[in-house]
Amino acid sequence: MDNNFTIYNSLSRKKELFKPLHAPFVGMYVCGPTVYSHPHLGHARPAVIFDMLFRYLTYLEYKVRYVRNITDVGHLENDADEGEDKIEKKARLEHLEPMEVVQKYLNSFLKNMQDLNTLHPSIEPRASGHIIEQIELIKEILEKGYAYEINGSVYFDVLKYSKKYNYGKLSGRVLEDLQANTRTLDGQDEKKNPFDFALWKKATPEHLMRWPSPWSVGFPGWHLECSAMSTKYLGDVFDIHGGGMDLQFPHHECEIAQSTAAKGNEPVKYWMHNNMITIDGQKMARSLGNFITLDQIFTGDHPLLLQAYTPMTIRFFLLQAHYRSTVDFSNEALQAAEKGLQKLLKAIETLKKLKPSLTSTVDVPALWKKCHEAMDDDLNSPILLSHLFEGVKYINSANDGTEKLTAADIELLKKLFNIFVFDILGLKVENDNSYDDEFINSVIDASVKIRTIIKNNKDWSTSDLIRQELNKIGIKIKDKKEGGEWELE
RNA sequence: GGUCGGUUUACCGAGUGGCUAGGUAGCGGUCUGCAAAACCGUUUACGGCGGUUCGAAUCCGCCACCGACCUCCA
């Protein structure tokens, strides 16, 4: 399976040619959400980006197993509710069972993912369903001597680990710096060193989510689930691990340490990190409270939103920026994305009714090649889109008669747009208006026909009135030489 | 404070040692009874100061500003 697909590997900090460990199979793990509130714009980014990666790898004919976890065990907080589980805290606020909260927001997440037209991952494992695997992994790490137990909790011994392995290689941390800079958190006194992290925590009396273990009744540490589940479904070593840049340290660093300590080798060949979405120049995050949920965007129900934006507008907006750059939220940018997407999709419609010529005045195969190269270059979707808009120009010009396309080139363009726009970028046509209703269609056709007659009689005020009235109900009339055309807005 | 990254034309956003990225908006034009669409053209681009080079927005150094991570986070 030859390809020129290069991926920027966070581990090496450079682009590398993608070579799967066991072609044609590819193992891909992406950090999913902690389900304790509705997903926001920030969650859409890795979902869309890694969906695009999944789609592209599939297009390259790899057999991909895409695993995305659901964190439903919760993480510790360091505010007033020390050591309390995030999910549990929310549960008490809403008088719900923790798993009820999980279900609610999981449903919300999955629905939004569908809205965004992301494909389902091959497996979506939940942390709560893999407690046994996590306990087994802790045992392995203990056996290898890289963890220690204190008062029913188990911690990872970073100092010991770093004597043999390089802790900090992914994030560029130096242990001495970490030592000097780690803040004082709850439970620090138990640990040998402040940078040690929990593998298992003994539950405090008020902690509801708890499981028995050899050490105590408690819950697994924050980084363990990903190591346990990726190993279970993808093996000790797998191809791609993705996630947000904010997870690079400590989460992914700890994952590397856990797996390496237990198995003796690096778990991941290519680490990929998507950058953040910013709002007013600052990261959008639940913890910062400056987020807009996806449902709010889709309905327009948020003070910062001038209007509602469709899921595909959001998807297009995200794809217009490269995944390793920050992308700044603004109404202006979203409106621009909306228009751009419309232009793209409209051209695909125009393509369907294009009349072929005997010769072509543009080079369609070259365009295809450029699109391919853009994707091969570390998933450069903005460049791909720029090439696709070149194609849009070909189509519109051919439609205007200023360029020519052969039947073969028209077919090639159709294939090109189908593959890159729909299959790979995962965009789709959203407004499934009553185009298919024959009765309505013929009524509008009749109105347009009558207007054409009136127009031919140069009764401009009446023909303008008809256009106006039809416009009011969302029908746009476009006068052509051959007569009137109409479309729904 | 430490580590890392960014600063691009009206806005968003690519890119790169010499060749128009692209989208959106504005302006002018073609078409048109008008409009819409489309097409063509267009608007002091590359944070500042030095350096390397025949040539730098692109490489190097310093400075300024912004951000991310160092704590749960997509």
Side-chain angles (χ1 to χ4, degrees), chain A residues 13 30-34 36 39-50 71 74-79 86 168 171-174 176-178 180-186 195 222 242-251 253 273-278 281-288 291 316-317 320-322 324-341 343-344 346-347 350 370 374 377 380-390 392-393 395-397 399-403 455 458-461 463-464 467-468 471 476-481 485 487:
Chain A
R13 287 155 210 279
V30 176
C31 285
T34 306
Y36 68 95
H40 61 77
L41 190 54
H43 292 98
R45 192 156 198 204
V48 166
I49 294 303
F50 291 109
T71 300
H75 295 278
L76 294 173
E77 290 187 330
N78 68 336
D79 57 12
K86 251 185 194 170
S171 55
R173 301 296 139 130
V174 180
E176 292 79 69
D177 295 346
L178 288 173
N181 287 308
T182 308
R183 294 194 209 171
T184 311
L185 295 171
D186 173 52
F195 43 69
W222 329 299
M245 243 171 210
D246 49 352
L247 296 177
Q248 203 168 18
F249 189 89
H251 185 58
E253 198 71 61
H273 291 96
N274 64 275
N275 214 320
M276 302 291 104
I277 288 178
T278 58
Q282 231 195 359
K283 179 175 86 159
M284 185 182 284
R286 247 177 330 208
S287 50
L288 293 171
F291 62 92
F316 185 88
F317 170 68
Q320 255 191 327
H322 189 262
R324 285 191 286 114
S325 304
T326 56
V327 61
D328 197 49
F329 162 87
S330 73
N331 280 284
E332 245 185 322
L334 284 173
Q335 282 164 349
E338 187 178 48
K339 292 267 178 61
L341 175 63
K343 183 173 176 178
L344 180 66
K346 207 170 183 181
T350 306
K370 283 195 272 184
D377 185 15
N380 200 328
S381 54
I383 290 292
L384 169 60
L385 281 168
S386 79
H387 294 321
L388 288 172
F389 275 105
E390 183 72 23
V392 167
K393 200 177 273 185
I395 293 166
N396 288 329
S397 296
N399 194 41
D400 284 358
T402 54
E403 300 281 6
K455 217 163 73 86
K458 299 197 193 294
D459 180 357
W460 307 130
S461 59
S463 76
D464 285 353
R467 184 168 62 196
Q468 244 172 53
N471 217 330
K476 202 190 259 176
I477 300 230
K478 293 187 290 185
D479 290 333
K480 299 267 174 135
K481 283 171 223 128
E485 271 184 19
E487 63 182 28

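To find a chain, count down the sequence lines: A is the first, B the second, and so on, and within it residues start at 1. All heavy atoms count here, side chains included; hydrogens, waters and symmetry mates do not. Small disclaimer: the values here were computed from a predicted structure and weren't measured.
- Between the CD atom of A:Gln320 and the P atom of B:G22 there is a distance of 13 Å, given to the nearest Å.
- When heavy atoms are screened at a 4.0 angstrom cut-off, A:Met245 is found touching no nucleic acid atom at all.
- Rounded to a whole Å, the NE2 atom of A:His387 is 8 Å from the C1' atom of B:A21.
- At whole-Å resolution of the value, NE2 in A:His322 and P in B:G15 are 6 Å apart.
- RNA chain B is contacted by both A:Arg13 and A:Gly244; A:Arg13 maps to the nucleotide lying nearer its 5′ end (nearest heavy atom per residue).
- At the heavy-atom level, A:Asp328 lies under 4.0 Å from the strands shown only through sugar-phosphate atoms.
- Atom-to-atom, CG of A:Asn275 to P of B:C69 comes out at 10 Å; the value is rounded to the nearest Å.
- One can place CD of A:Glu253 at 15 Å from P of B:C73, the figure rounded to the nearest angstrom.
- Look at the C1' atom in both B:A25 and B:U42: the space between them is 13 Å, to the nearest Å.
- Each of A:Phe249 and A:Asn274 has a nearest nucleotide on RNA chain B; the 5'-most of these lies closest to A:Phe249.
- Heavy atoms of A:Arg173 sit under 4.0 angstrom from at least one base atom.
- Remark: P of B:A21 and CG of A:Leu388 are 18 Å apart, rounded to the nearest angstrom.
- For A:Lys343, there are no side-chain hydrogen bond (donor to acceptor under 3.5 Å, both in side chains) partners two or more places apart in sequence or in a different chain.
- Taking atom CD of residue A:Gln248 and atom P of nucleotide B:U71, one finds them 15 Å apart after rounding to whole Å.
- When side chains are defined from C-beta on, A:Arg286 counts as touching A:Tyr36, because their heavy atoms get closer than 4.5 Å.
- Taking atom P in both B:A10 and B:G17, the straight-line distance is 25 Å, to the nearest Å.
- Distance CG (A:Leu247) to C1' (B:C73): 7 Å, rounded to an integer number of Å.
- Between the P atoms of B:U7 and B:A14, the separation comes to 9 Å (whole Å).
- Neither OP1 nor OP2 of B:C73 sits under 4.0 Å from any side-chain N or O of A:Lys283.
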Starting at the 5' end of RNA chain B, write a dot or bracket for each base, bracketing those in Watson-Crick or G-U wobble pairs whose two distances are under 3.5 Å and using | for partners on another strand.
(((((((..(((.....[...))).(((((.......)))))....(((((..]....))))))))))))....
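- Residue A:Gln282 is classed as a sugar-phosphate contact, given heavy-atom separations below 4.0 Å to backbone atoms only.
- Remark: A:Ser325 is in phosphate contact with B:A14, judged by side-chain N or O atoms under 4.0 Å from OP1 or OP2.
- Residue A:Phe389 and nucleotide B:G23 are not classified as a stacked aromatic pair, given the requirement of ring centres less than 5.5 Å apart at an interplanar angle below 30°.
- Here A:Ile477 lies in heavy-atom contact (under 4.0 Å) with a base.
- Looking at heavy-atom distances under 4.0 Å, A:Ser287 makes contact with a base.
- Residue A:Lys339 places at least one side-chain N or O under 4.0 Å from the OP1 or OP2 atom of B:A25.
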